[in-house]
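Notes follow the structure.
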Number of protein chains: 2
Amino acid sequence: MYKIEFKDFFTYSFSLDCVIFGFQNGKIHVLLIKRAMEPFKNKWAIPGDLVYPDEDLAAAANRILVELTNLSMVDLHQAETFGNPNRHPQGRVITSAYMALIRIADFKATPASWAEEVKWQAIDELQELAFDHNAIIQSTYELLKKKMRTEPICFDLLPERFTLNELQCLYEFVYTTTFDKANFRKKLKHIPLIKQTEKQANVKHRPAKLFSFDSQLFQSLITQSEYQFKL
Amino acid sequence: MYKIEFKDFFTYSFSLDCVIFGFQNGKIHVLLIKRAMEPFKNKWAIPGDLVYPDEDLAAAANRILVELTNLSMVDLHQAETFGNPNRHPQGRVITSAYMALIRIADFKATPASWAEEVKWQAIDELQELAFDHNAIIQSTYELLKKKMRTEPICFDLLPERFTLNELQCLYEFVYTTTFDKANFRKKLKHIPLIKQTEKQANVKHRPAKLFSFDSQLFQSLITQSEYQFKL
DNA sequence: CTAAATTATTGTCTTTGGTACAATAAGTGT
DNA sequence: ACACTTATTGTACCAAAGACAATAATTTAG
């Protein structure tokens, strides 16, 4: 047994992995990239890379996501940190997951740098991924599910204008249940959502009203009183 | 501008900081240690230290807490990760906060290793601490407040047998409001708590009934159905 | 032009849970 | 027996949740 010097502790590396969620065809999807580099070359993974020595974490997460997928202006939030000593084959690399919820149609993800391809993959149809990325996605998805109960983040996944049916489908997928249509709508009547007089068009049945979320009103509600979103 | 090599990224260090909460005299308290070592020698801080090269994070958090305060068998949970490049004066040290809620009376914290003293400090009376520890505590306390709404973690802070008044005081401190006594009790009637026939003794007024939380029942409820704790 | 098909939306009734506030109970000390 | 203190229950009202029936607005087939 020998003593470890202080400098011997500066032999770690630190990375960030971005779990980007979207909603498509009634299912939550995750953004994946195909690695063009060892280790795990040609395997699918979530976009992630090492942090620069003088870089702040939030800024690094954004930089990495842009470099690999050209997705910019995405609102990333920290999730769990993973530090199993064997999670990276080339050394001790600790990683923090950062997550974001985006409208797939409003962004255009394209591969760049050492990302060979990008794709949106349904969360319930994931193959085996590089590193411990399956575990990272799983843990981050659990966090998403928890947050959906108490924060109005569902609207980040839906189009600017959405039908109540779309909203209900999203919640039914995430909570893996079904809700009574009439009661689900009634609940929303009591929430600061603005009913759009505008209606759907080009549908082959009775058109639905379109709704949109008033995030300004929400912001003022939470700062003034202690309003608590719930659904 | 020169190219950064892969090996140049292995110059980081990684630490864990333990935010231990307790409840005392109607206030949430945090466990602090006095540093007997540079940097920030003689300053108060939360117990934390560097992770060993082959050590898992959860295990490291426990080891560090034991080494500095002799608190063992504490149930630590990961909170936020802090990585500002200037947060540590001697190099790039990224740190993850781990938090625990304990019954102060059931544990005996004593200083060890380079911890000179330990003390419980009320959360609303914190002085300036070492590193970014004030920010770490603040962020972790926010997490505690969120969790208290949806998880039965309040019982980790109260004695095994508690009065409904004690429980109410805890919630009133954390939420910084007051509740109607009668209604608060009525709410608890609908929750899996076991009413103890046992009563308080040695008090100079009508003795209160003592209650205790049935964590076994809670465990089976959340695994079987999708029960959601709420208070 | 009418009816069927499809999806959207509203209404009614019942039950549950929250809030305000008054009333009663069980101890101690004088 | 009485005041004092804290604990606990009761009553009346209202908002929101759940079950389920009814109605509305479109397109399309005939």
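Every chain is numbered from 1 and lettered A, B, ... according to where its sequence line falls, protein lines coming before strand lines.
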Using whole Å, report how far [atom1] of [X] lies from [atom2] of [N].
X: Q200(B); N: dT28(C); atom1: CD; atom2: P; value: 12 Å
X: R185(A); N: dC20(D); atom1: CZ; atom2: C1'; value: 16 Å
X: L188(B); N: dA7(D); atom1: CG; atom2: C1'; value: 14 Å
X: K209(B); N: dA25(C); atom1: NZ; atom2: C1'; value: 10 Å
X: F179(A); N: dC20(D); atom1: CZ; atom2: P; value: 17 Å
X: K181(B); N: dA22(C); atom1: NZ; atom2: C1'; value: 15 Å
X: E198(A); N: dA25(D); atom1: CD; atom2: C1'; value: 17 Å
X: Q168(A); N: dA8(C); atom1: CD; atom2: C1'; value: 12 Å

- Give every residue pair that meets the salt bridge (Lys or Arg N to Asp or Glu O under 4.0 Å) criterion with at least one member in residues 63-73 of chain B, sequence neighbours excluded.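 Listed once each, the pairs are E55(B)-R63(B), R63(B)-E67(B).
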- Message: According to salt bridge (Lys or Arg N to Asp or Glu O under 4.0 Å), does anything in residues 168-195 of chain A pair up with another residue at least two apart or in another chain? List the pairs.
- Response: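 Salt bridge (Lys or Arg N to Asp or Glu O under 4.0 Å) check on residues 168-195 of chain A returns no pairs.
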- Expected output: side-chain R35(A) to main-chain E116(A) donor-acceptor under 3.5 Å: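 Not confirmed, R35(A) side chain does not pair with E116(A) backbone.
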- Item | Under 3.5 Å donor-acceptor, T176(A) side chain and F173(A) backbone |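 Not a single qualifying donor-acceptor pair exists.
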- Message: Once salt bridge (charged side-chain N to carboxylate O under 4.0 Å, His left out) is applied, do any residues pair with K230(B), and if so which ones, sequence neighbours excluded?
- Response: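 Counting only residues at least two positions away or on another chain, K230(B) forms no salt bridge (charged side-chain N to carboxylate O under 4.0 Å, His left out).
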In residues 15-31 of chain A, what donor-acceptor pairs under 3.5 Å come from side-chain atoms, sequence neighbours left out?
| from | atom 1 | to | atom 2 | distance (Å) |
| --- | --- | --- | --- | --- |
| S15(A) | OG | T95(A) | OG1 | 2.7 |
| D17(A) | OD2 | T95(A) | OG1 | 2.7 |
| K27(A) | NZ | D124(A) | OD2 | 3.3 |
| K27(A) | NZ | E125(A) | OE2 | 2.8 |
| H29(A) | ND1 | K27(A) | O | 2.9 |

Under 3.5 Å, which protein N or O atoms sit close to an N or O of nucleotides 15-19 of chain C? Give each pair with its distance.
| from | atom 1 | to | atom 2 | distance (Å) |
| --- | --- | --- | --- | --- |
| dT19(C) | O4 | K186(B) | NZ | 2.8 |

- Task: Could you note down all residue pairs passing side-chain hydrogen bond (donor to acceptor under 3.5 Å, both in side chains) where residues 202-213 of chain B supplies at least one of them, sequence neighbours left out?
- Result: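 Checked against side-chain hydrogen bond (donor to acceptor under 3.5 Å, both in side chains) - neighbours excluded - the pairs reaching residues 202-213 of chain B are Q196(B)-S212(B).
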- ring-ring contact (aromatic ring centres under 6.0 Å, His included) partners for Y98(A), two or more places apart: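 Listed in chain order: nothing, the list is empty.
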- Report yes if at least one side-chain N or O of N165(A) is closer than 4.0 Å to OP1 or OP2 of dT7(C); otherwise report no.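 False: N165(A) side-chain N/O out of range (4.0 Å or more) of dT7(C) OP1/OP2.
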- Side-chain N or O of K189(A) less than 4.0 angstrom from OP1 or OP2 on dT10(C)?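 Result: yes.
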- Query: For P207(B) and K199(A), take the nucleotide of DNA chain D holding the closest heavy atom to each; which residue's nucleotide lies nearer the 5' end?
  - Reply: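 Looking at the nearest nucleotide for each, P207(B) comes out on the 5' side.
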Can you give me every donor-acceptor pair (side chain of residues 141-150 of chain A, partner residue at least two apart or in another chain, under 3.5 Å) with its distance?
| from | atom 1 | to | atom 2 | distance (Å) |
| --- | --- | --- | --- | --- |
| E142(A) | OE2 | Q138(A) | NE2 | 3.3 |
| K146(A) | NZ | E151(B) | OE2 | 3.4 |

Show each protein N/O and nucleotides 27-30 of chain D N/O combination with a separation under 3.5 Å, one pair to a line.
none

